[in-house]
Amino acid sequence: MLSINFIRENIEFVKERLLIKNFDAEKILSDIIKVDKKRRETQKELDDNLSKANSLAREIGDLFKAGEKEEAEKAKEKTSQLKSQNKDLQKELESLKKEQENLLIQLPNIPHKLVPAGKSEENNEIVYEADIACETAGKAMPHWELATKYDIIDFDLGSKITGSGFPLYKGKGAILQRALIKFFLDKAMEAGYTEYLVPLMVNKDSAFGTGQLPDKDGQMYHIVADNLFAIPTSEVPLTNIFRDVILKEEELPVKCTAYSTCFRREAGSHGKDVRGLNRLHQFDKVEIVQIVKPEESYKVLDEMVDYVKSLLSFFKMPFRISRLCGGDLGFAAAMTYDFEVFSPAQNKWLEISSVSNFESFQANRMKLRYKNDKGANTFAHTLNGSALALPRLIAALMENYQSEKGIIIPEFLIPYTGFEIID
RNA sequence: GGAGAGAUGGCAGAGUGGUCGAUUGCGGCGGUCUUGAAAACCGUUGAGGUGUAACAGCCUCCGGGGGUUCGAAUCCCUCUCUCUCCGCCA
């Protein structure tokens with residue numbers, strides 16, 4: 001959420017920058033300014049009235065104490081009009097605040113200067129491509145066939161037990177999954193991240209804090225009986241640890257990581273790229289989150305990109321990094337880098353990680369602040385990234401590492417899997 | 001699920017209708033003293049809004065929401081959470 005003070009002072013700038021995200025903010029901004037003005041006027045009026053009421057109450061108290069009962073009773077009568085007036089003002093203020101909030105949360109975050117304009121992923125800017133050749137492009141066996149051939153992932157059983165998009169991993173498939181999780185968590189720890197094991201369901205406040213609500217309402221599984229949401233990523237519980245928190249400056253940067261299962265309804269995307277592990281309702285992911293000082297957030301974004309790059313480099317598979325254009329950028333992000341790994345069987349790039357700087361957008365929503373060196377409370381900047389999401393990585397790994405003998409486990413992973421080949 | 005107790009400032013912990021935004025202790029910050037440090041002493045120390053050139057001023061906040069009253073941290077209702085006991089259970 002953008003802060004009202006910032007908007008008030010930079011309307012034209014906000015309007016202009018949001019066009020990069022293909023968001024026409026003209027109407028909503030003028031509404032916000034109008035409501036804001038009204039809100040402040042009402043606030044002032046109410047405050048003045050309350051001030052009067054307070055001093056009257058004090059006087060009445062003094063009169064009672066002095067034993068002047070009659071005078072006191074007389075003074076009481078004066079308050080009734082003030083009271084009813086204040087009640088109305090209070091109601092009005094309340095509804096103005098709500099109105100303002102409703103408008104504010106509709107505004108997406110402002111994209112960073114470097115974000116290219118553009119409508120869709122075609123306009124994303126590729127900033128890095130690993131220099132790794134892929135000889136089997138178009139000739140490799142797809143991972144869903146390999147899965148069956150070696151009996152390590154059972155999509156049909158998943159469907160039987162739950163439904164499509166809930167695969168069941170078996171034997172070496174399950175172990176590979178566990179090995180990767182452990183590998184990624186170990187690396188995150190080496191890089192200074194503190195590991196958490198988080199709740200997989202969150203309440204409304206948390207879902208709102210990171211921006212899942214109300215923007216992506218239909219994308220989360222909702223447990224109605226208890227009004228809880230299954231997390232679409234551990235970013236939600238991780239970042240919400242710091243909801244309504246004022247950190248000390250020396251506590252920054254906060255670096256945390258969590259492995260979790262993630263749940264996504266993927267409503268509206270049925271039938272598109274859903275084969276095999278490409279798009280699932282349930283999957284596993286290791287996430288990294290940082291909370292930093294505003295002036296450092298872009299340096300940290302680069303660091304996080306380098307970190308994810310270093311992870312992917314272990315696998316020696318073709319991958320590339322792109323900076324998302326305005327049209328492809330998420331609601332809450334100011335800048336995002338996507339990582340894609342190459343699937344030789346499908347002959348296409350699979351998105352495997354997404355690293356974003358949200359600047360103060362999430363922090364403002366969840367009132368995440370720190371005390372700066374001048375003692376002033378300041379919104380921190382939040383960043384997060386996948387490091388990494390497993391299914392597509394496993395898909396790419398299976399396809400890239402297939403051989404006549406079986407799927408060869410990359411050497412660095414063998415200590416984690418305990419086996420060298422899936423056959 | 002049943003019965004009871006509780007939720008106050010960074011922490012501990014007073015406060016049961018009228019200068020209480022809140023006694024006090026610890027912690028933090030500033031100072032005096034000291035060659036330096038400790039101790040001691042003095043001062044200071046929450047958040048949000050409004051407002052100001054900047055101060056000041058004013059308003060709100062004692063778990064959340066609602067109510068009673070001229071006036072509520074204090075009384076009433078309700079929700080959430082924590083603790084103790086009982087039941088059930090991985």
Side-chain angles (χ1 to χ4, degrees), chain A residues 1-9 32-105 197-209 213 223-229 237 240-252 254 261 291 360 363-380:
Chain A
M1 182 162 85
L2 300 175
S3 99
I4 180 64
N5 294 328
F6 180 81
I7 292 174
R8 201 187 296 134
E9 282 152 32
I32 286 174
I33 296 299
K34 248 183 273 170
V35 173
D36 176 51
K37 186 153 180 279
K38 191 85 199 293
R39 190 203 102 237
R40 281 147 76 206
E41 285 166 6
T42 309
Q43 175 99 56
K44 183 89 179 64
E45 201 179 336
L46 175 65
D47 284 356
D48 289 347
N49 264 5
L50 284 173
S51 177
K52 272 183 225 159
N54 282 344
S55 58
L56 264 176
R58 228 168 287 143
E59 278 172 37
I60 292 171
D62 290 344
L63 286 173
F64 271 121
K65 259 190 241 162
E68 301 184 39
K69 254 193 147 174
E70 261 177 54
E71 286 292 313
E73 290 298 335
K74 224 184 277 171
K76 266 202 212 179
E77 284 166 26
K78 278 196 275 181
T79 61
S80 69
Q81 199 196 341
L82 257 184
K83 266 184 88 174
S84 77
Q85 220 176 63
N86 285 349
K87 219 164 209 173
D88 292 345
L89 281 170
Q90 214 135 29
K91 256 187 213 144
E92 196 185 338
L93 182 65
E94 206 55 44
S95 88
L96 283 168
K97 273 185 176 167
K98 209 168 269 170
E99 200 182 331
Q100 186 173 59
E101 172 97 356
N102 279 339
L103 290 168
L104 280 174
I105 60 176
L197 191 65
V198 296
L200 301 183
M201 293 184 203
V202 296
N203 59 29
K204 254 170 66 188
D205 290 342
S206 296
F208 180 84
L213 285 180
I223 292 89
V224 178
D226 299 288
N227 202 13
L228 296 173
F229 297 88
N240 272 285
I241 295 170
F242 303 95
R243 171 153 50 84
D244 284 317
V245 166
I246 300 176
L247 291 160
K248 296 193 191 96
E249 190 176 14
E250 61 265 29
E251 288 176 295
L252 298 177
V254 170
T261 301
I291 296 166
S360 59
N364 188 21
R365 272 193 183 214
M366 63 172 90
K367 306 279 169 275
L368 193 189
R369 291 160 294 178
Y370 77 99
K371 233 180 236 312
N372 68 18
D373 48 7
K374 293 186 190 81
N377 292 329
T378 318
F379 288 123

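By convention in this document, chain letters (A, B, ...) are assigned in the order of the sequence lines, proteins followed by strands, and residues within each chain are numbered from 1.
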Handout entry: B:rA73 pairs with, by Watson-Crick or G-U criteria that keep both distances under 3.5 Å
Key = none
Fill in the blank from the handout: Winner on side-chain proximity to A:R8, out of B:rA47, B:rC70, B:rU50, is B:rU50
Completion exercise
Among B:rG48, B:rG18, B:rU69, the one nearest any side-chain atom of A:A57 is B:rG18
Completion exercise
B:rA14 -> Watson-Crick or G-U wobble partner, both distances under 3.5 Å, gives none
Exercise for the section: Considering only atom P, compute the distance from B:rG25 to B:rG63 and round it to an integer number of Å. Expected result: 23 Å
Problem - Short side-chain N/O contact from A:R39 to OP1 or OP2 of B:rG49, under 4.0 Å - result: no
Problem - A:E92/A:D88 under side-chain contact (heavy atoms from CB on, under 4.5 Å): CA gap, chis, key distance, verdict - result: CA-CA 6 Å; A:E92 196 185 338; A:D88 292 345; over 6 Å; no
Exercise for the section: Check whether any side-chain N or O of A:R369 sits under 4.0 Å from OP1 or OP2 of B:rA47, and answer yes or no. Expected result: no
Problem - Opposite nucleotide pairing with B:rC55, Watson-Crick or G-U, both atom distances under 3.5 Å - result: none
Handout entry: Any strand: nucleotide that pairs with B:rC20 via Watson-Crick or wobble, under 3.5 Å
Key = none
Exercise for the section: Establish, with yes or no, whether the OP1 or OP2 oxygen of B:rG28 is under 4.0 angstrom from a side-chain nitrogen or oxygen of A:K248. Expected result: no
Exercise for the section: Between B:rA14 and B:rC86, how far apart are the C1' atoms? Round to whole Å, please. Expected result: 34 Å
Handout entry: Watson-Crick/G-U partner (both atom distances under 3.5 Å) of B:rC33
Key = none
Completion exercise
Per-nt protein contacts along nucleotides 54-64 of chain B (heavy atom under 4.0 Å; B base, S backbone sugar-phosphate only, - none) come out as ----SSS----
